[in-house]
Protein chains: 2
Amino acid sequence: MSSGKRKVDQVDPRDVPKAVVSRLSLYLRELRRLVRSGKATISSSQLGRLLGLTDAQVRKDLAYFGHFGHPGIGYRCDELVAAIRRILGTDLGWTVAVIGVGNLGRALLGYEGFAAQGFRIVAAFDVDRARVGKAVDGVTIYGLEQLADVVRERQIRLGMLTVPAAAAQSAADQLVAAGIVGIVNFSPVTLSLPEEVSLVAVDLATELEQISFAVANRNATR
Amino acid sequence: MSSGKRKVDQVDPRDVPKAVVSRLSLYLRELRRLVRSGKATISSSQLGRLLGLTDAQVRKDLAYFGHFGHPGIGYRCDELVAAIRRILGTDLGWTVAVIGVGNLGRALLGYEGFAAQGFRIVAAFDVDRARVGKAVDGVTIYGLEQLADVVRERQIRLGMLTVPAAAAQSAADQLVAAGIVGIVNFSPVTLSLPEEVSLVAVDLATELEQISFAVANRNATR
DNA sequence: TACTGTGAAACGGTTCACAGCC
DNA sequence: GGCTGTGAACCGTTTCACAGTA
């Protein structure tokens with residue numbers, strides 16, 4: 001507590017609802033677009049309309065983290081972009097590894113959306129010797145046995161897992177042992193990880209199943 | 001109401017919480033694995049432990065749709081697989097198109113997890129003339145202008161959208177015009193669609209941002 | 001006037017705890 | 001004894017409505 005009356009109105013980030021955090025990503029994406037299109041300020045109701053949310057929700061979400069708005073004006077787009085990036089931690093710059101260089105892994109290596117958001121893929125890993133040593137989109141592919149070394153040397157902090165289901169838990173264990181702090185799991189398995197490692201799971205088949213359910217149940221009660 | 005006292009204890013599927021439906025996919029995935037490994041029955045608490053959920057949650061979720069369990073026994077794995085497939089509608093067999101054959105689109109065309117869950121990708125579309133006419137993983141690539149015709153002929157019902165952000169809304173509009181009933185959107189834009197078309201959005205950068213937030217806020221209040 | 005920030009109310013989902021059943 | 005199905009209590013999130021501010 002060095003000096004001044006630093007107002008502590010922020011909440012402990014750990015008890016912010018998960019839904020709020022994922023909307024933050026949406027706000028960020030839309031705000032960047034607005035900045036690019038030259039818009040200087042935006043109100044909660046305009047932003048909400050663009051994203052299919054209510055104005056109150058937008059304000060409540062942002063208010064978890066501080067006072068970013070200007071009454072009578074709205075939110076300054078560039079200011080809010082900077083604030084959200086800082087909240088999400090994407091201003092820190094993250095190094096990422098891709099584990100599993102199949103179809104999906106290759107797609108991630110070539111995905112342009114990551115760099116702009118502060119994520120740099122610096123290495124890929126695979127068990128297939130035919131792939132090891134090659135590079136895809138400028139990223140070198142290493143053997144899985146080199147994981148620990150490369151993670152240490154290149155200071156890799158996050159991993160994206162795109163290996164076959166049967167190999168996923170073991171690959172995840174290796175990532176954890178190598179000291180990685182967060183994993184996005186694209187393999188269709190439920191991983192069990194120590195709770196100090198963050199996990200987000202994405203299952204492509206599951207996404208289609210959600211659509212299937214919605215469509216199959218569109219009309220009234222069976 | 002042909003005969004018998006058909007008990008109507010099911011709830012209108014439209015007011016089942018979304019979270020329940022996405023857990024259904026998890027149950028299904030795990031149950032299939034259990035069936036494959038020869039397990040005949042499973043209790044809600046075992047299934048919950050495998051997925052990181054409570055036993056009560058598993059039972060409540062399933063009870064939205066009927067009485068699938070056997071007191072004293074648990075759930076019969078194969079029975080429950082069939083029930084969930086029917087609930088999700090994946091037993092109906094869906095035809096799917098991929099729009100945008102870039103890195104991610106190609107990965108989807110080669111993704112093996114879809115067929116097993118009842119989804120068949122029967123066509124792909126792209127604006128790039130160099131790609132049109134070719135096939136990827138046995139799926140023919142058509143020009144985007146052929147969308148309406150091919151969707152009709154091949155009776156395509158769902159679409160996966162993997163085009164650049166700038167092209168996404170227009171492509172989505174074309175999908176809707178062609179009569180598609182559900183879209184999984186991988187393009188980093190918020191689409192606006194008529195509400196009779198179902199939508200699931202997956203943003204890869206957003207997933208990494210969730211991890212970033214979790215890791216950056218792992219420790220106590222700043 | 002136009003807008004934010006926020007308590008309070010309303011809503012919806014999860015957990016609890018137990019009756020009923022095998 | 002072991003397990004499901006479920007009403008009731010609990011808890012977290014969303015919506016409402018308005019005081020406060022530029």
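Residue numbers start from 1 in every chain, and the chains themselves are labelled A, B, ... in the order their sequence lines are given, proteins ahead of strands. Computed from heavy atoms alone, side chains included, the values below leave out hydrogens, waters and symmetry copies.
Taking the side chain as every heavy atom from C-beta outward, A/Tyr111 and B/Leu204 approach each other to under 4.5 Å. Within the 4.5 Å cutoff, the side chain of B/Asp203 has heavy atoms near those of the A/Arg29 side chain. Taking the side chain as every heavy atom from C-beta outward, A/Gln57 and A/Arg23 approach each other to under 4.5 Å. Proximity of A/Phe114 to A/Val96: side-chain heavy atoms (C-beta onward) are nowhere separated by under 4.5 Å.
No hydrogens or angles considered: a donor-acceptor pair under 3.5 Å links the side chains of B/Ser198 and A/Arg218.
Here the closest heavy-atom approach between residue B/Leu34 and residue B/Cys77 is recorded as CB-SG, 4.3 Å.
A/Leu80 has its CG atom 15 Å from the C1' atom of C/dC3, to the nearest Å. In this entry the distance linking CG of B/Asp61 with P of C/dG12 reads 17 Å, nearest Å. Taking atom CG of residue A/Asp15 and atom P of nucleotide D/dC11, one finds them 15 Å apart after rounding to whole Å. Atom CZ in A/Phe68 sits about 11 Å away from atom P in C/dT6, given to the nearest Å. As rounded to whole Å, 7 Å separates atom C1' of D/dG5 from atom NE2 of B/His67. Residue B/Tyr64 contributes atom OH, which lies 12 Å from atom P of D/dG7 at whole-angstrom precision. Whole-Å rounding puts the B/Lys60 NZ to C/dG12 P distance at 15 Å. Atom OH of A/Tyr75 and atom P of C/dC3 are 12 Å apart (whole Å).
In the set C/dT6, C/dT14, D/dG5, the nucleotide with an atom closest to the side chain of B/Ala19 is C/dT14. Distance from the side chain of B/Ala63 is smallest for D/dG5 among the nucleotides C/dT14, D/dT14, D/dG5. When each of D/dG5, D/dT15, D/dT21 is scored by its nearest atom to the side-chain atoms of A/Pro71, the top-ranked nucleotide is D/dT21.
Comparing A/Ile73 and A/Pro17 by the nucleotide of DNA chain D that holds the closest heavy atom to each, the one mapping nearer the 5' end is A/Pro17.
The CD1 atom of B/Ile156 sits 7.5 Å away from atom CG of B/Leu147, with the distance rounded to the nearest 0.5 Å.
For C/dG5, neither phosphate oxygen OP1 nor OP2 lies less than 4.0 angstrom from any side-chain nitrogen or oxygen of A/His70.
Base contact: B/Gly72 has a heavy atom under 4.0 Å from a base atom.
Taking every heavy atom of residues 38-59 of chain A and every atom of DNA chain C, pairs under 4.0 Å involve A/Ser43, A/Ser44, A/Arg59, by number.
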